[in-house]
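Below, chains carry the letters A, B, ... as their sequence lines are ordered, and counting in each starts from 1. Values below: every heavy atom of this structure, side chains too, minus hydrogens, waters and symmetry copies. Keep in mind that what you see is a predicted model, and the values were worked out from it rather than measured.
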Amino acid sequence: MDIDSLGYRTIEALFDKELVKNPADLYQLTTEDILTLEGFKELSTKNLLTGIDNSRQVPFERVLFALGIRFVGKTVAEKLANYFKNIDAIRTASYDELIEVPEIGERIAESLIEFFKDEENFILVQKLKDAGLKLSLDETQETLVSERLLNKSFVVSGVFETFSRDQLKETIKKNGGRVLTSVSSKLDYLVAGNNMGPSKLNKADKLGIPIISEQDFINMLKE
Amino acid sequence: MSAVAEKLLRLRTNKLLKANRSKRETVSYEEVKEIGILFTIVDRDKHNAIKKLAKQFKEDGKKVEVLGFLGKGKENYDFLYNYISSADISALGKMTSGSAITFAQRNFDYLFYVDLHPNIYLENILAMSKAKCRVGIYEKNKNDFFDFMLNISREKKISALIDQMYFYTKKLGK
């Protein structure tokens, strides 16, 4: 995450004067601090502070990427941000919850757990949050397509014709629903595709959970 | 934050240099078993020169491990070697690449740093390295990074540095 007007020389000077010791310190800088740096006048100071301030508007997924967590590139950061919505949910997620995210494997889950276990990283994240950086998705990013599935929970199992499994899960979330991974008495619907395993089907049947087809699901969205 | 992370990486590198207590020595070429090579990926010519050097060491019966640094917009020729990139440091300047950390822990008889200009990411690995003898181009104030430096002009081609590294290492002994 680059900041406008913050070049190598400025960083060197900020460290030399001990005004900055970690990335979060940038957000505590004042006009008076910057004016103590050699070569900085009113306009350059204003530009630097504007650059720092603008970085507060960088979207959550880019801030997450900029933390430099091993194996968390731009695409993975985007997937994590969209799934968990905020940094605390990622930080407190268990290994099982992390690998539940589409395309997040064991390697990434372990790396995330390792990163947040480190106290230095934890403190940095807290400081960045206090400084006003975006460590959660904007409300506009979270806007629902509809509330047709609001407060309804779904387990998705099997292979579908219109949707991929990930698309189906995404559609549930965008319409206000929740995606669960296992069948329990709290579940509202089991969306059954082709070739699904018998265990979920049997359990849902035993618990009296409605088992719906892909077409039933599409019809629900149209209601 | 990336520029701050690079500054923090430099500070960490200095700390690592001071804390590194690995035993340094020169091993006669006949007795050398393992060699490490670090380099920044620049172009096809340099890549071929590194391949040639690694091949030469292997022909001499040495085990060779190569780790590259791939900068933004650079091509990873042939995908032959493990590599790190600027994405391999955390916002606090910590090296996060498993390949880099494992490489640094290796007890190479010789570690050759084949770059004409310093690369802060690879210097971090040099600072952590447990290699017995680290070899690189001469640079003022870089004594702590190397145990053997070669004073050649930076105007010369990388092959000149490689040739000298090979030539003099064969002459080194206990």
Reported [atom1]-to-[atom2] distance for the pair [X] and [Y], which is rounded to 0.5 angstrom:
| X | Y | atom1 | atom2 | answer |
| --- | --- | --- | --- | --- |
| A/Arg70 | B/Ile101 | CZ | CD1 | 6.5 Å |
| A/Asn121 | B/Ser90 | CG | OG | 5.5 Å |
| A/Phe71 | B/Asp88 | CZ | CG | 8.5 Å |
| B/Thr96 | A/Ile69 | OG1 | CD1 | 10.0 Å |
| A/Tyr8 | B/Lys7 | OH | NZ | 6.0 Å |

Worksheet item: Side chain, backbone, both or neither: which part of B/Ser86 has a heavy atom under 4.5 Å from chain A?
Response: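 Looking at B/Ser86, nothing touches chain A.
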
Fill in: Under 4.5 Å from any heavy atom of chain B - which part of A/Asp118
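Answer is side chain: those atoms of A/Asp118 sit under 4.5 Å from chain B.
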
Item to complete: Go through the structure and list residues passing side-chain hydrogen bond (donor to acceptor under 3.5 Å, both in side chains) with B/Ser22, not counting sequence neighbours.
Response: B/Asn20

Discussion item. Restricting to salt bridge (Lys or Arg N to Asp or Glu O under 4.0 Å), what partner residues turn up for A/Glu100, sequence neighbours left out?
Written reply: none

Would one find more than 12 heavy atoms of other residues, nucleotides or ligands at under 6.0 Å from atom [atom1] of [X]?
| X | atom1 | value |
| --- | --- | --- |
| A/Glu38 | CD | no |
| A/Arg62 | CZ | no |
| A/Arg9 | CZ | no |
| B/Tyr83 | OH | no |
| B/Arg44 | CZ | yes |

Worksheet item: What are the two closest non-hydrogen atoms of A/Asn22 and B/Val4, and how far apart are they?
Response: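 Result for this residue pair: C-CG1, 4.2 Å.
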
Discussion item. To check you understand the geometry: which heavy-atom pair defines the closest contact between A/Pro23 and B/Ala91, and what is its length?
Written reply: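 Smallest heavy-atom distance, with atoms named: CG-O, 3.4 Å.
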
Worksheet entry | Ion pair check, A/Glu114 and B/Lys94, cut-off under 4.0 Å | no

